[in-house]
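Letters go in sequence order (proteins before strands), and every chain restarts at 1. Values reported hereafter were calculated over all heavy atoms of this structure, with side chains retained and with hydrogens, waters and symmetry mates removed.
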Amino acid sequence: MRVTVRYFAALRELAGRPSEALDMPVGATAGAVRMALASRHPAMAGPLSACAVAVNQAYSDLERTLEDGDELAFLPPLGGG
Amino acid sequence: MRVTVRYFAALRELAGRPSEALDMPVGATAGAVRMALASRHPAMAGPLSACAVAVNQAYSDLERTLEDGDELAFLPPLGGG
Amino acid sequence: MAPIVRITREPLDQTAMDALETAIMHPGAGGLVTFEGIVRDHARGKRVRWLEYEAYPEMAEREMRVIVAEIATRWQTDAIAMVHRVGRLAVGERAVVVRVACAHRAEAFEACRYGIDTLKATVPIWKKEIYEDGEEWVEG
Amino acid sequence: MAPIVRITREPLDQTAMDALETAIMHPGAGGLVTFEGIVRDHARGKRVRWLEYEAYPEMAEREMRVIVAEIATRWQTDAIAMVHRVGRLAVGERAVVVRVACAHRAEAFEACRYGIDTLKATVPIWKKEIYEDGEEWVEG
């Protein structure tokens, strides 16, 4: 299955792009995506561990089982306001 | 000695004027002025008992000894804001 | 930049509000909290036609300066505007504005809240509500 | 009258502020509390040249709507505007505005404070500070 990861702030700068698509095995969790990203972009491994997880534009967690077409984001510490 | 009493809100309407001058004995207190007003304007007696006291545009109390030329006001319950 | 303290008969319209903000803002201010008290169409279960506010103007401005000085001491800011209108006010008009700018938002909220709460408790201003069938000087 | 929730690149100037107020005010509103977050000239002991705010826009507006719904439930008002700017912001510009009108002032203060505090904690927006000698994504 295919999921989309969107990047923001420091992660977007590390990735050098606003989003990327990943092929993941059926039943993969958000945590598995995080591991895949950390191995694909080693500089992201540290920042990713400080990120909250969003799936389909709502807060979720690393145990969340994904479905084909899901949109993920790892959210660095917020700075709004 | 002579003091000036300024009236506001319901007291001003009861007095029918914004201020009046009173001749008081030397050493009179703000409480003595209040009694003098209550006897001069009987309809004010009740409202006056619910009023705070100001002397020379600052909060004071009924025990305050007055001086010639002082400005008094009896302040009905406030309604600002 | 000095704090603004004022009893006024002039409407507190957008132009007046903008001028207050311009007057108190400074480059170190990160949080600006504003309270605006607006004339409501109902009070005590009655329909309000208009309000009349009356002040003891010299003492009112003096008490407002006491509040501003207390805010300056407790929250370390001079960026304060406190303006109360008097005269006849229509429903929807601003009766009172308290604006406080601080470096951070927590202080600005606390200082603004302290400002309006204390104004209501200590500043000699009175309010008469004019209803369809009468009128009354009201507390609060 | 619906609450206003918006992520925008447009400046939050006086005209925009006036429009927000007009949009949320209603004749039963007696107290209007506004928080304005302004870009400061210093942060972390450094001189700030400008800021860049970035949002996850769809999720940010969604989380803002969650906050507005919570305010509507707890403080019984729909008269809420919550707007956050993104893009490049100069010192002195408004980054965020939260306005809440209620019948009485206590609720308006509490609801506005809850709004900005929760926005900072849950709405996915990031801030980069650009200094004379570098730049940094900063928390808070």
Heavy-atom pairs under 4.5 Å with chain A, option from D:V66, D:I125, D:V86, D:V138 with the top count: D:I125

Contacting moiety of D:A121, where chain A heavy atoms sit under 4.5 Å: backbone

CA sep, side-chain torsions, deciding dist, call: A:Y59, D:R62, side chain to side chain contact (heavy atoms under 4.5 Å, CB included): CA-CA 11 Å; A:Y59 283 103; D:R62 181 179 174 147; over 6 Å; no

Rounded distance (nearest 0.5 Å) linking atom CZ of A:F8 with atom CE of D:M59: 9.0 Å

Mind listing the side-chain donor-acceptor pairs of residues 63-81 of chain A below 3.5 Å, one per line with the distance, residues two or more places apart or on another chain?
residue: A:R64; atom: NH1; partner: A:S60; partner atom: OG; Å: 3.2
residue: A:D68; atom: OD1; partner: A:R2; partner atom: N; Å: 2.8
residue: A:D70; atom: OD1; partner: A:N56; partner atom: ND2; Å: 3.0
residue: A:D70; atom: OD2; partner: A:E67; partner atom: N; Å: 2.7
residue: A:E71; atom: OE2; partner: A:R6; partner atom: NH1; Å: 3.1
residue: A:E71; atom: OE2; partner: A:Q57; partner atom: NE2; Å: 3.2
residue: A:E71; atom: OE2; partner: D:Y56; partner atom: OH; Å: 2.4

Under 4.5 Å from a heavy atom of chain A, the part of D:E136 involved: neither

Part of D:E139 lying under 4.5 Å from any heavy atom of chain A: both

In residues 103-110 of chain D, what donor-acceptor pairs under 3.5 Å come from side-chain atoms, sequence neighbours left out?
residue: D:R105; atom: NE; partner: C:D117; partner atom: OD1; Å: 2.9
residue: D:R105; atom: NH2; partner: C:D117; partner atom: OD1; Å: 2.9
residue: D:E110; atom: OE1; partner: D:W75; partner atom: NE1; Å: 2.9

Inter-chain contacts: residues 47-54 of chain A against chain D, heavy atoms under 4.5 Å: A:A54

Exceeds 12 heavy-atom contacts within 6.0 angstrom, atom CE of A:M1: yes

Residues, nucleotides or ligands: over 12 heavy atoms within 6.0 Å of D:R74 CZ: yes

Pick from D:V123, D:T122, D:V96, D:L119 with the largest number of heavy-atom pairs that fall under 4.5 Å of chain A: D:T122

Partners meeting side chain to side chain donor-acceptor pair (under 3.5 Å) with D:K120 (sequence neighbours left out): none

